[in-house]
Amino acid sequence: MHGYSRLGMPRGGGGSITASPPSSPRCRHGRSKNSSGGGGGRGPKQQSIAERAVFFIISVVFRRRGMLLFAPLLYISGMLLYMGSVSFDVVSLKNVVIISKPSPPGSLYRSPQVFQKLWPYMQAESNHTPNLLMTVWNSNVHKVWKPCIPKDTLKAELPKSNGLFIIEANGGLNQQRLSICDAVAVAGLLNATLLIPIFHLNSVWRDSSHFGNIFDEDFFIHALRNHVNVVRELPEDILQRFDNNISNIVNLRVKGWSSSAHYLRKVLPKLEEMGAVRIAPFSNRLAHAVPSNIQSLRCLANFEALRFSNSIRLLADKMVDRMVKSSSHSEGKYVSVHLRFEEDMVAFSCCEYDGGEEEKHEMDIARERSWRGKFRRRGRVIRPGANRVDGKCPLTPLEVGMMLRGMGFDNTTSVYIAAGKIYKAEKYMAPLKQMFPHLQMKDTLATSEELAPFKGHLSRLAALDYTVCLHSEVFVTTQGGNFPHFLMGHRRYLYGGHSKTIKPDKRKLALLFDNPSIRWEDFKRQMQDMLRHSEQKGVEVRKPSASLYTFPMPDCMCKEGEAIDENSNTTTQT
(Lines give C-alpha, C1' and ligand atoms only; values in the text may rest on other atoms or scores of the structure.)
Protein backbone atom coordinates (compact mmCIF):
# COMPACT_ATOMS: atom_id res chain seq x y z
CA MET A 1 0.00 0.00 0.00
CA HIS A 2 1.25 3.37 -0.97
CA GLY A 3 1.37 6.35 1.29
CA TYR A 4 0.38 9.88 0.20
CA SER A 5 2.20 13.11 0.75
CA ARG A 6 0.45 16.21 2.05
CA LEU A 7 0.13 17.35 -1.58
CA GLY A 8 -1.85 14.27 -2.52
CA MET A 9 1.01 12.89 -4.67
CA PRO A 10 1.81 9.13 -4.48
CA ARG A 11 5.08 8.48 -2.61
CA GLY A 12 7.42 5.67 -3.46
CA GLY A 13 8.93 3.29 -0.82
CA GLY A 14 7.46 0.95 1.67
CA GLY A 15 4.28 2.72 2.68
CA SER A 16 5.37 4.87 5.61
CA ILE A 17 5.67 8.63 5.48
CA THR A 18 9.06 9.82 6.64
CA ALA A 19 9.07 13.21 8.30
CA SER A 20 12.11 14.67 6.60
CA PRO A 21 12.79 18.34 5.92
CA PRO A 22 12.16 19.70 2.38
CA SER A 23 14.86 18.80 -0.10
CA SER A 24 17.09 21.44 -1.55
CA PRO A 25 16.00 23.19 -4.74
CA ARG A 26 18.75 21.42 -6.68
CA CYS A 27 17.42 17.99 -5.85
CA ARG A 28 13.72 18.77 -6.08
CA HIS A 29 13.28 18.15 -9.81
CA GLY A 30 15.33 15.00 -9.68
CA ARG A 31 13.21 13.47 -6.98
CA SER A 32 9.97 14.28 -8.71
CA LYS A 33 11.05 12.41 -11.82
CA ASN A 34 11.45 9.15 -9.88
CA SER A 35 8.49 9.39 -7.58
CA SER A 36 6.07 7.23 -9.49
CA GLY A 37 6.41 4.06 -7.36
CA GLY A 38 4.37 0.93 -7.94
CA GLY A 39 0.73 0.00 -7.46
CA GLY A 40 -2.00 2.40 -8.66
CA GLY A 41 0.03 5.63 -8.78
CA ARG A 42 -0.09 7.75 -11.98
CA GLY A 43 3.11 8.81 -13.68
CA PRO A 44 3.78 12.15 -15.31
CA LYS A 45 3.06 10.76 -18.74
CA GLN A 46 -0.51 9.96 -17.68
CA GLN A 47 -1.20 13.41 -16.27
CA SER A 48 -2.83 16.13 -18.36
CA ILE A 49 -1.04 19.40 -18.92
CA ALA A 50 -3.66 21.29 -16.92
CA GLU A 51 -3.36 18.86 -13.98
CA ARG A 52 0.43 19.13 -13.84
CA ALA A 53 0.30 22.93 -14.09
CA VAL A 54 -2.18 23.25 -11.22
CA PHE A 55 -0.27 20.82 -9.00
CA PHE A 56 3.03 22.50 -9.78
CA ILE A 57 1.68 25.94 -8.75
CA ILE A 58 0.25 24.55 -5.53
CA SER A 59 3.53 22.73 -4.80
CA VAL A 60 5.56 25.87 -5.24
CA VAL A 61 3.21 27.90 -3.04
CA PHE A 62 3.28 25.40 -0.20
CA ARG A 63 7.05 25.04 -0.28
CA ARG A 64 7.70 28.78 -0.11
CA ARG A 65 6.77 30.00 3.31
CA GLY A 66 6.50 33.64 2.26
CA MET A 67 3.48 32.84 0.08
CA LEU A 68 1.56 30.64 2.52
CA LEU A 69 -1.08 33.33 3.00
CA PHE A 70 -2.11 33.00 -0.67
CA ALA A 71 -2.12 29.22 -0.69
CA PRO A 72 -5.81 28.64 0.19
CA LEU A 73 -7.03 31.07 -2.50
CA LEU A 74 -4.76 29.66 -5.20
CA TYR A 75 -5.56 26.09 -4.19
CA ILE A 76 -9.34 26.63 -4.37
CA SER A 77 -9.12 28.54 -7.67
CA GLY A 78 -6.91 25.89 -9.21
CA MET A 79 -9.12 23.01 -8.11
CA LEU A 80 -12.32 24.73 -9.32
CA LEU A 81 -10.84 25.27 -12.75
CA TYR A 82 -9.37 21.77 -12.82
CA MET A 83 -12.59 20.07 -11.79
CA GLY A 84 -14.76 22.18 -14.10
CA SER A 85 -16.97 23.55 -11.32
CA VAL A 86 -17.18 26.97 -13.01
CA SER A 87 -18.66 26.81 -16.48
CA PHE A 88 -18.54 29.65 -19.02
CA ASP A 89 -20.10 29.80 -22.43
CA VAL A 90 -16.90 30.72 -24.24
CA VAL A 91 -15.39 30.53 -27.68
CA SER A 92 -11.59 30.60 -27.98
CA LEU A 93 -10.10 32.24 -31.05
CA LYS A 94 -6.27 32.16 -30.98
CA ASN A 95 -5.80 33.50 -27.48
CA VAL A 96 -8.94 35.72 -27.75
CA VAL A 97 -11.77 34.60 -25.49
CA ILE A 98 -15.27 35.84 -26.28
CA ILE A 99 -17.76 35.38 -23.46
CA SER A 100 -21.28 35.21 -24.89
CA LYS A 101 -24.14 36.19 -22.63
CA PRO A 102 -27.85 35.74 -23.26
CA SER A 103 -29.57 38.93 -24.43
CA PRO A 104 -31.63 40.54 -21.65
CA PRO A 105 -35.42 40.58 -22.16
CA GLY A 106 -36.53 43.49 -24.32
CA SER A 107 -33.16 44.10 -25.96
CA LEU A 108 -33.94 42.52 -29.35
CA TYR A 109 -36.17 43.72 -32.19
CA ARG A 110 -38.45 40.72 -32.65
CA SER A 111 -41.66 42.58 -33.38
CA PRO A 112 -42.11 40.97 -36.83
CA GLN A 113 -42.19 37.51 -35.19
CA VAL A 114 -44.73 38.73 -32.64
CA PHE A 115 -46.87 40.18 -35.44
CA GLN A 116 -46.84 36.89 -37.36
CA LYS A 117 -48.22 35.15 -34.28
CA LEU A 118 -50.85 37.76 -33.40
CA TRP A 119 -52.06 38.74 -36.87
CA PRO A 120 -54.60 35.89 -37.22
CA TYR A 121 -56.23 36.96 -33.94
CA MET A 122 -56.40 40.58 -35.12
CA GLN A 123 -58.09 39.46 -38.33
CA ALA A 124 -60.61 37.37 -36.38
CA GLU A 125 -61.65 40.43 -34.35
CA SER A 126 -61.95 42.85 -37.28
CA ASN A 127 -65.38 44.49 -37.61
CA HIS A 128 -66.67 42.57 -34.59
CA THR A 129 -65.97 45.18 -31.91
CA PRO A 130 -67.53 48.63 -31.34
CA ASN A 131 -65.44 51.49 -32.71
CA LEU A 132 -63.24 52.60 -29.85
CA LEU A 133 -63.12 56.17 -31.18
CA MET A 134 -66.67 56.64 -29.97
CA THR A 135 -65.92 55.72 -26.36
CA VAL A 136 -62.17 56.04 -25.84
CA TRP A 137 -62.14 59.11 -23.57
CA ASN A 138 -64.03 59.49 -20.34
CA SER A 139 -66.47 62.36 -20.86
CA ASN A 140 -67.28 62.65 -17.15
CA VAL A 141 -64.36 64.94 -16.32
CA HIS A 142 -64.81 66.24 -12.77
CA LYS A 143 -63.15 69.62 -13.37
CA VAL A 144 -63.54 71.29 -16.76
CA TRP A 145 -60.92 73.89 -17.61
CA LYS A 146 -61.21 76.79 -20.04
CA PRO A 147 -58.75 79.28 -21.58
CA CYS A 148 -58.22 82.16 -19.21
CA ILE A 149 -55.60 84.60 -20.54
CA PRO A 150 -55.90 88.37 -20.11
CA LYS A 151 -55.72 89.59 -23.71
CA ASP A 152 -56.32 93.26 -23.06
CA THR A 153 -54.86 95.75 -20.67
CA LEU A 154 -56.21 98.93 -19.06
CA LYS A 155 -53.01 100.82 -19.90
CA ALA A 156 -53.48 103.50 -22.53
CA GLU A 157 -50.08 102.74 -24.04
CA LEU A 158 -46.93 100.77 -23.31
CA PRO A 159 -44.19 102.51 -21.30
CA LYS A 160 -41.11 103.80 -23.09
CA SER A 161 -38.95 100.94 -24.31
CA ASN A 162 -35.58 100.21 -22.67
CA GLY A 163 -34.11 99.10 -25.99
CA LEU A 164 -34.28 96.52 -28.76
CA PHE A 165 -34.23 92.80 -27.92
CA ILE A 166 -33.01 90.46 -30.69
CA ILE A 167 -33.02 86.67 -30.57
CA GLU A 168 -32.14 83.87 -32.96
CA ALA A 169 -34.54 80.91 -32.87
CA ASN A 170 -32.81 77.62 -33.60
CA GLY A 171 -33.95 74.03 -34.16
CA GLY A 172 -37.09 72.73 -35.81
CA LEU A 173 -40.62 74.13 -35.92
CA ASN A 174 -41.56 73.71 -32.27
CA GLN A 175 -38.14 74.50 -30.84
CA GLN A 176 -38.42 77.76 -32.77
CA ARG A 177 -41.91 78.19 -31.32
CA LEU A 178 -40.50 77.80 -27.81
CA SER A 179 -37.81 80.42 -28.50
CA ILE A 180 -40.37 82.88 -29.87
CA CYS A 181 -42.70 82.58 -26.87
CA ASP A 182 -39.86 82.85 -24.38
CA ALA A 183 -38.55 85.89 -26.24
CA VAL A 184 -41.95 87.58 -25.85
CA ALA A 185 -41.82 86.84 -22.12
CA VAL A 186 -38.29 88.24 -21.74
CA ALA A 187 -39.15 91.34 -23.78
CA GLY A 188 -42.10 91.97 -21.45
CA LEU A 189 -39.89 91.40 -18.40
CA LEU A 190 -37.26 93.88 -19.62
CA ASN A 191 -39.79 96.33 -21.12
CA ALA A 192 -37.96 95.92 -24.42
CA THR A 193 -39.01 96.15 -28.06
CA LEU A 194 -38.84 92.73 -29.70
CA LEU A 195 -37.52 92.34 -33.23
CA ILE A 196 -39.39 89.61 -35.16
CA PRO A 197 -37.23 86.55 -34.34
CA ILE A 198 -34.55 85.49 -36.79
CA PHE A 199 -34.50 81.80 -37.74
CA HIS A 200 -31.22 79.89 -37.69
CA LEU A 201 -30.61 77.39 -40.50
CA ASN A 202 -30.47 74.05 -38.65
CA SER A 203 -28.08 71.31 -39.85
CA VAL A 204 -30.75 68.62 -39.45
CA TRP A 205 -33.92 70.45 -40.55
CA ARG A 206 -32.14 72.41 -43.29
CA ASP A 207 -35.11 74.75 -43.74
CA SER A 208 -34.39 78.30 -44.94
CA SER A 209 -37.87 79.58 -44.03
CA HIS A 210 -38.24 82.94 -42.29
CA PHE A 211 -40.75 83.86 -39.57
CA GLY A 212 -43.31 85.14 -42.06
CA ASN A 213 -43.15 81.94 -44.13
CA ILE A 214 -44.40 79.89 -41.17
CA PHE A 215 -46.28 82.29 -38.88
CA ASP A 216 -48.65 85.18 -39.51
CA GLU A 217 -46.53 88.26 -38.74
CA ASP A 218 -49.34 90.79 -38.81
CA PHE A 219 -51.52 88.74 -36.48
CA PHE A 220 -48.59 88.16 -34.10
CA ILE A 221 -47.80 91.86 -33.81
CA HIS A 222 -51.46 92.82 -33.40
CA ALA A 223 -52.18 90.17 -30.73
CA LEU A 224 -49.28 91.40 -28.58
CA ARG A 225 -49.80 95.13 -29.14
CA ASN A 226 -51.05 95.84 -25.60
CA HIS A 227 -48.31 93.80 -23.92
CA VAL A 228 -45.08 93.88 -25.96
CA ASN A 229 -44.03 96.15 -28.79
CA VAL A 230 -42.88 94.05 -31.79
CA VAL A 231 -41.16 95.42 -34.91
CA ARG A 232 -40.37 93.75 -38.23
CA GLU A 233 -37.05 95.50 -38.92
CA LEU A 234 -34.24 97.22 -37.05
CA PRO A 235 -35.12 100.87 -36.35
CA GLU A 236 -33.04 103.41 -38.28
CA ASP A 237 -31.32 104.83 -35.18
CA ILE A 238 -30.15 101.34 -34.15
CA LEU A 239 -28.85 100.62 -37.65
CA GLN A 240 -26.80 103.82 -37.67
CA ARG A 241 -25.46 103.20 -34.18
CA PHE A 242 -24.11 99.79 -35.21
CA ASP A 243 -22.92 100.66 -38.73
CA ASN A 244 -25.86 98.93 -40.41
CA ASN A 245 -24.53 95.56 -39.27
CA ILE A 246 -26.54 93.46 -36.83
CA SER A 247 -23.40 91.43 -36.01
CA ASN A 248 -21.97 94.53 -34.30
CA ILE A 249 -24.70 94.34 -31.67
CA VAL A 250 -23.31 92.59 -28.60
CA ASN A 251 -24.34 88.93 -28.33
CA LEU A 252 -24.87 88.06 -24.66
CA ARG A 253 -24.16 84.50 -23.56
CA VAL A 254 -27.02 83.43 -21.32
CA LYS A 255 -27.06 80.01 -19.66
CA GLY A 256 -29.94 77.63 -20.21
CA TRP A 257 -33.00 78.00 -17.98
CA SER A 258 -31.86 81.36 -16.57
CA SER A 259 -34.14 82.97 -14.00
CA SER A 260 -36.02 86.23 -14.46
CA ALA A 261 -33.76 87.73 -11.78
CA HIS A 262 -30.72 86.92 -13.95
CA TYR A 263 -32.20 88.83 -16.89
CA LEU A 264 -32.97 91.85 -14.69
CA ARG A 265 -29.52 91.79 -13.11
CA LYS A 266 -27.33 90.99 -16.14
CA VAL A 267 -29.21 91.69 -19.36
CA LEU A 268 -31.25 94.80 -18.49
CA PRO A 269 -28.22 97.01 -17.63
CA LYS A 270 -26.60 96.12 -21.00
CA LEU A 271 -29.87 96.82 -22.81
CA GLU A 272 -30.21 100.25 -21.22
CA GLU A 273 -26.54 101.07 -21.83
CA MET A 274 -26.30 100.00 -25.49
CA GLY A 275 -29.87 100.38 -26.71
CA ALA A 276 -29.91 96.86 -28.21
CA VAL A 277 -28.74 93.36 -27.26
CA ARG A 278 -28.75 89.97 -28.96
CA ILE A 279 -29.02 86.45 -27.58
CA ALA A 280 -28.17 83.83 -30.18
CA PRO A 281 -28.98 81.02 -29.97
CA PHE A 282 -32.03 81.47 -27.76
CA SER A 283 -33.39 78.00 -27.07
CA ASN A 284 -34.35 77.04 -23.49
CA ARG A 285 -32.85 80.23 -22.10
CA LEU A 286 -35.68 81.10 -19.70
CA ALA A 287 -36.57 79.10 -16.58
CA HIS A 288 -39.97 77.40 -16.28
CA ALA A 289 -40.68 79.18 -12.98
CA VAL A 290 -41.12 82.93 -13.56
CA PRO A 291 -43.55 85.54 -12.12
CA SER A 292 -47.20 85.02 -13.05
CA ASN A 293 -47.42 88.10 -15.28
CA ILE A 294 -44.47 86.79 -17.33
CA GLN A 295 -46.12 83.37 -17.56
CA SER A 296 -49.20 85.08 -18.95
CA LEU A 297 -47.10 86.49 -21.77
CA ARG A 298 -45.90 82.98 -22.61
CA CYS A 299 -49.52 81.79 -22.67
CA LEU A 300 -50.64 84.68 -24.84
CA ALA A 301 -47.80 84.23 -27.31
CA ASN A 302 -48.16 80.46 -27.71
CA PHE A 303 -51.91 79.89 -27.64
CA GLU A 304 -53.26 83.15 -29.06
CA ALA A 305 -50.63 85.22 -30.91
CA LEU A 306 -48.82 82.49 -32.86
CA ARG A 307 -50.86 81.16 -35.74
CA PHE A 308 -49.57 79.71 -38.98
CA SER A 309 -49.22 81.74 -42.15
CA ASN A 310 -52.15 82.04 -44.51
CA SER A 311 -50.76 79.54 -47.06
CA ILE A 312 -50.23 76.90 -44.36
CA ARG A 313 -53.65 77.46 -42.78
CA LEU A 314 -55.49 77.15 -46.09
CA LEU A 315 -54.01 73.78 -46.98
CA ALA A 316 -54.04 72.45 -43.40
CA ASP A 317 -57.77 73.24 -43.05
CA LYS A 318 -58.47 71.36 -46.29
CA MET A 319 -56.54 68.36 -44.99
CA VAL A 320 -58.49 68.35 -41.72
CA ASP A 321 -61.78 68.52 -43.62
CA ARG A 322 -60.73 65.58 -45.79
CA MET A 323 -59.81 63.51 -42.72
CA VAL A 324 -63.18 64.28 -41.14
CA LYS A 325 -65.07 63.27 -44.32
CA SER A 326 -63.08 60.04 -44.66
CA SER A 327 -64.00 59.22 -41.03
CA SER A 328 -67.78 59.45 -41.49
CA HIS A 329 -68.21 55.90 -40.08
CA SER A 330 -66.88 57.25 -36.74
CA GLU A 331 -68.69 60.60 -36.81
CA GLY A 332 -65.65 62.37 -38.26
CA LYS A 333 -63.28 61.22 -35.53
CA TYR A 334 -59.80 59.98 -36.40
CA VAL A 335 -56.51 58.98 -34.78
CA SER A 336 -53.30 60.91 -35.47
CA VAL A 337 -49.86 59.40 -34.87
CA HIS A 338 -46.57 61.26 -34.63
CA LEU A 339 -44.27 58.63 -36.09
CA ARG A 340 -40.56 59.32 -35.56
CA PHE A 341 -39.08 56.70 -37.86
CA GLU A 342 -37.18 58.96 -40.22
CA GLU A 343 -33.62 58.00 -41.13
CA ASP A 344 -32.08 60.77 -39.00
CA MET A 345 -34.14 59.74 -35.96
CA VAL A 346 -33.24 56.06 -36.30
CA ALA A 347 -29.57 57.01 -36.72
CA PHE A 348 -29.56 59.35 -33.72
CA SER A 349 -31.18 56.75 -31.45
CA CYS A 350 -28.37 54.23 -32.18
CA CYS A 351 -30.94 51.41 -32.16
CA GLU A 352 -30.86 48.33 -34.37
CA TYR A 353 -33.79 46.79 -36.22
CA ASP A 354 -33.81 43.96 -38.76
CA GLY A 355 -31.75 45.46 -41.58
CA GLY A 356 -28.45 43.73 -40.74
CA GLU A 357 -25.13 45.08 -42.03
CA GLU A 358 -26.79 47.23 -44.69
CA GLU A 359 -28.77 49.07 -42.02
CA LYS A 360 -25.67 49.59 -39.83
CA HIS A 361 -23.76 51.02 -42.79
CA GLU A 362 -26.60 53.41 -43.69
CA MET A 363 -26.92 54.56 -40.09
CA ASP A 364 -23.17 55.25 -39.85
CA ILE A 365 -23.41 57.43 -42.95
CA ALA A 366 -26.49 59.27 -41.64
CA ARG A 367 -24.85 59.96 -38.26
CA GLU A 368 -21.72 61.33 -39.92
CA ARG A 369 -23.75 63.49 -42.31
CA SER A 370 -25.83 65.17 -39.61
CA TRP A 371 -23.60 65.12 -36.52
CA ARG A 372 -20.04 65.03 -37.93
CA GLY A 373 -18.04 62.77 -35.64
CA LYS A 374 -20.23 63.09 -32.53
CA PHE A 375 -20.77 59.34 -32.46
CA ARG A 376 -17.11 58.50 -33.17
CA ARG A 377 -15.65 60.34 -30.20
CA ARG A 378 -13.16 58.48 -28.11
CA GLY A 379 -14.84 56.45 -25.40
CA ARG A 380 -18.28 56.59 -27.04
CA VAL A 381 -19.95 53.19 -26.76
CA ILE A 382 -23.15 52.42 -28.68
CA ARG A 383 -25.42 49.88 -26.96
CA PRO A 384 -28.52 49.23 -29.11
CA GLY A 385 -29.89 46.55 -26.77
CA ALA A 386 -29.62 48.78 -23.71
CA ASN A 387 -31.32 51.62 -25.60
CA ARG A 388 -34.24 49.36 -26.46
CA VAL A 389 -34.64 48.10 -22.88
CA ASP A 390 -34.61 51.74 -21.68
CA GLY A 391 -37.43 52.64 -24.06
CA LYS A 392 -35.25 54.95 -26.18
CA CYS A 393 -35.80 53.32 -29.56
CA PRO A 394 -38.28 54.90 -32.00
CA LEU A 395 -41.32 52.69 -32.47
CA THR A 396 -41.61 51.20 -35.93
CA PRO A 397 -44.87 51.56 -37.90
CA LEU A 398 -45.46 47.85 -37.22
CA GLU A 399 -45.13 48.35 -33.45
CA VAL A 400 -47.49 51.34 -33.49
CA GLY A 401 -50.06 49.32 -35.41
CA MET A 402 -49.89 46.35 -33.02
CA MET A 403 -50.21 48.66 -30.03
CA LEU A 404 -53.33 50.37 -31.42
CA ARG A 405 -54.96 47.10 -32.46
CA GLY A 406 -54.27 45.69 -29.00
CA MET A 407 -55.91 48.76 -27.44
CA GLY A 408 -59.07 48.06 -29.43
CA PHE A 409 -58.87 50.30 -32.51
CA ASP A 410 -60.13 48.05 -35.33
CA ASN A 411 -59.39 48.06 -39.05
CA THR A 412 -62.18 50.61 -39.76
CA THR A 413 -60.30 53.31 -37.80
CA SER A 414 -59.07 56.30 -39.80
CA VAL A 415 -55.42 57.00 -39.00
CA TYR A 416 -53.29 60.00 -39.97
CA ILE A 417 -49.50 59.60 -39.84
CA ALA A 418 -47.52 62.76 -39.10
CA ALA A 419 -43.93 62.16 -40.13
CA GLY A 420 -41.06 63.14 -42.32
CA LYS A 421 -39.62 60.71 -44.86
CA ILE A 422 -40.01 57.26 -43.27
CA TYR A 423 -36.88 55.12 -43.31
CA LYS A 424 -37.39 52.35 -45.90
CA ALA A 425 -41.08 53.22 -46.03
CA GLU A 426 -42.04 50.48 -48.50
CA LYS A 427 -40.83 47.81 -46.09
CA TYR A 428 -41.80 49.28 -42.71
CA MET A 429 -45.15 50.88 -43.61
CA ALA A 430 -46.64 47.77 -45.26
CA PRO A 431 -47.77 46.00 -42.05
CA LEU A 432 -49.26 49.22 -40.63
CA LYS A 433 -51.36 49.65 -43.78
CA GLN A 434 -52.30 45.99 -43.49
CA MET A 435 -53.68 46.60 -39.99
CA PHE A 436 -55.26 50.00 -40.81
CA PRO A 437 -56.41 50.23 -44.44
CA HIS A 438 -57.91 53.73 -43.83
CA LEU A 439 -54.48 55.32 -43.40
CA GLN A 440 -53.49 58.76 -44.63
CA MET A 441 -50.33 60.90 -44.77
CA LYS A 442 -49.58 64.32 -46.23
CA ASP A 443 -48.78 62.79 -49.61
CA THR A 444 -52.13 60.97 -49.81
CA LEU A 445 -54.34 63.59 -48.16
CA ALA A 446 -53.07 66.51 -50.28
CA THR A 447 -52.27 66.56 -54.00
CA SER A 448 -48.74 66.93 -55.32
CA GLU A 449 -49.71 70.35 -56.71
CA GLU A 450 -50.92 71.49 -53.30
CA LEU A 451 -47.72 70.30 -51.62
CA ALA A 452 -45.35 71.70 -54.23
CA PRO A 453 -44.80 75.09 -52.49
CA PHE A 454 -43.89 73.26 -49.26
CA LYS A 455 -41.38 70.80 -50.67
CA GLY A 456 -37.89 71.29 -49.26
CA HIS A 457 -39.26 73.22 -46.27
CA LEU A 458 -39.52 70.75 -43.39
CA SER A 459 -40.85 73.28 -40.89
CA ARG A 460 -43.76 74.22 -43.16
CA LEU A 461 -44.55 70.55 -43.76
CA ALA A 462 -44.41 69.97 -40.00
CA ALA A 463 -46.93 72.79 -39.56
CA LEU A 464 -49.38 70.86 -41.78
CA ASP A 465 -48.90 67.76 -39.63
CA TYR A 466 -49.30 69.81 -36.46
CA THR A 467 -52.70 71.15 -37.55
CA VAL A 468 -54.13 67.77 -38.60
CA CYS A 469 -52.94 66.22 -35.31
CA LEU A 470 -54.34 69.13 -33.29
CA HIS A 471 -57.89 68.42 -34.47
CA SER A 472 -57.82 64.61 -34.17
CA GLU A 473 -59.91 62.78 -31.58
CA VAL A 474 -56.85 60.85 -30.38
CA PHE A 475 -53.19 61.84 -30.66
CA VAL A 476 -50.46 59.19 -30.31
CA THR A 477 -46.91 60.23 -29.45
CA THR A 478 -44.15 57.67 -30.00
CA GLN A 479 -40.80 59.32 -29.29
CA GLY A 480 -41.06 62.57 -27.32
CA GLY A 481 -39.62 65.91 -28.37
CA ASN A 482 -41.03 69.41 -28.84
CA PHE A 483 -43.67 68.42 -31.41
CA PRO A 484 -45.73 66.16 -29.08
CA HIS A 485 -45.06 68.33 -26.02
CA PHE A 486 -46.49 71.43 -27.70
CA LEU A 487 -49.35 69.44 -29.20
CA MET A 488 -50.34 67.94 -25.84
CA GLY A 489 -50.46 71.39 -24.29
CA HIS A 490 -52.35 72.91 -27.23
CA ARG A 491 -54.89 70.08 -27.13
CA ARG A 492 -55.38 70.61 -23.38
CA TYR A 493 -55.99 74.29 -24.11
CA LEU A 494 -58.61 73.47 -26.77
CA TYR A 495 -60.31 70.44 -25.19
CA GLY A 496 -61.25 71.50 -21.67
CA GLY A 497 -57.91 70.59 -20.12
CA HIS A 498 -57.68 67.02 -21.51
CA SER A 499 -54.84 66.26 -23.93
CA LYS A 500 -56.59 63.17 -25.41
CA THR A 501 -53.14 61.71 -25.98
CA ILE A 502 -51.78 58.16 -25.90
CA LYS A 503 -48.29 58.16 -24.48
CA PRO A 504 -47.06 54.53 -24.51
CA ASP A 505 -44.79 52.93 -21.94
CA LYS A 506 -41.95 52.00 -24.27
CA ARG A 507 -40.04 49.99 -21.67
CA LYS A 508 -43.05 47.71 -21.28
CA LEU A 509 -43.54 47.56 -25.04
CA ALA A 510 -39.92 46.47 -25.51
CA LEU A 511 -40.54 43.46 -23.26
CA LEU A 512 -43.80 42.53 -24.99
CA PHE A 513 -42.41 42.89 -28.52
CA ASP A 514 -39.44 40.69 -27.57
CA ASN A 515 -41.73 37.80 -26.65
CA PRO A 516 -42.89 35.87 -29.77
CA SER A 517 -44.78 33.38 -27.57
CA ILE A 518 -47.08 36.01 -26.01
CA ARG A 519 -50.80 35.25 -26.12
CA TRP A 520 -53.20 37.67 -27.83
CA GLU A 521 -55.39 38.00 -24.73
CA ASP A 522 -52.38 38.87 -22.58
CA PHE A 523 -51.15 41.40 -25.14
CA LYS A 524 -54.58 43.06 -25.33
CA ARG A 525 -54.84 43.32 -21.56
CA GLN A 526 -51.45 45.05 -21.36
CA MET A 527 -52.37 47.50 -24.16
CA GLN A 528 -55.72 48.36 -22.63
CA ASP A 529 -54.05 49.03 -19.28
CA MET A 530 -51.68 51.39 -21.11
CA LEU A 531 -54.64 53.17 -22.72
CA ARG A 532 -56.38 53.64 -19.35
CA HIS A 533 -53.19 55.08 -17.89
CA SER A 534 -52.97 57.61 -20.75
CA GLU A 535 -56.59 58.62 -20.18
CA GLN A 536 -55.92 59.18 -16.45
CA LYS A 537 -52.86 61.31 -17.20
CA GLY A 538 -54.69 63.40 -19.80
CA VAL A 539 -55.68 66.10 -17.29
CA GLU A 540 -52.63 67.31 -15.37
CA VAL A 541 -51.79 70.58 -13.65
CA ARG A 542 -48.31 71.95 -14.20
CA LYS A 543 -45.67 71.16 -11.58
CA PRO A 544 -43.06 73.84 -10.77
CA SER A 545 -40.35 72.13 -12.84
CA ALA A 546 -42.60 71.49 -15.86
CA SER A 547 -43.34 73.54 -18.97
CA LEU A 548 -46.61 75.41 -19.42
CA TYR A 549 -46.36 74.68 -23.15
CA THR A 550 -47.24 71.08 -22.21
CA PHE A 551 -49.23 71.79 -19.03
CA PRO A 552 -51.18 75.05 -19.50
CA MET A 553 -53.18 74.63 -16.27
CA PRO A 554 -53.31 76.70 -14.12
CA ASP A 555 -51.15 79.42 -15.75
CA CYS A 556 -53.13 79.71 -18.99
CA MET A 557 -56.47 78.17 -17.98
CA CYS A 558 -58.93 78.31 -15.11
CA LYS A 559 -61.75 76.01 -14.00
CA GLU A 560 -65.33 76.60 -15.05
CA GLY A 561 -66.93 78.97 -12.54
CA GLU A 562 -63.68 80.86 -11.99
CA ALA A 563 -62.48 84.09 -13.53
CA ILE A 564 -59.01 85.53 -13.78
CA ASP A 565 -57.86 88.71 -12.07
CA GLU A 566 -55.95 90.45 -14.86
CA ASN A 567 -53.80 92.43 -12.43
CA SER A 568 -52.57 89.49 -10.37
CA ASN A 569 -53.13 86.57 -12.77
CA THR A 570 -54.96 84.69 -10.01
CA THR A 571 -58.35 83.04 -10.22
CA THR A 572 -61.42 83.92 -8.19
CA GLN A 573 -64.80 82.24 -7.89
CA THR A 574 -67.65 83.82 -9.88
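Small disclaimer: the values here were computed from a predicted structure and weren't measured. All values below come from the heavy atoms of this structure, side chains included, with hydrogens, waters and symmetry mates left out. If you read the sequence from its start, that first residue is 1, and numbering goes on from there.
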Just so I know, are the side chains of [X] and [Y] near enough to count as touching, which here means a heavy-atom distance under 4.5 Å?
X	Y	result
Y353	C393	yes
M319	T467	no
Y263	L252	no
F282	I180	no

Response to the item:
salt bridge (charged side-chain N to carboxylate O under 4.0 Å, His left out) test vs D555 passes for just one of K543, R298, R542, namely R542

Worksheet item: Knowing that exactly one of E343, E342, E358 qualifies, which makes a salt bridge (charged side-chain N to carboxylate O under 4.0 Å, His left out) with K424?
Response: E358

Practice prompt. Can you measure from OH (Y109) to OG1 (T396) and round to the nearest 0.5 angstrom?
Written response: 3.5 Å

Worksheet entry | From I167 atom CD1 to I279 atom CD1, the distance as rounded to the nearest 0.5 Å | 9.0 Å

Worksheet item: Step by step, would you call R369 with D344 a salt bridge (Lys or Arg N to Asp or Glu O under 4.0 Å)?
Response: CA-CA 9 Å; R369 180 182 62 244; D344 282 340; 3.5 Å; yes

Discussion item. Parallel, tilted or perpendicular, judged at 30° and 60°: which one describes the rings of Y549 and F486?
Written reply: parallel

Fill in: Donor on one side chain, acceptor on other, T501 and R492, under 3.5 Å
no

Practice prompt. Output every pair passing side chain to side chain donor-acceptor pair (under 3.5 Å) with a member in residues 265-285, not counting sequence neighbours, ordered by first then second residue.
Written response: Q175-S283

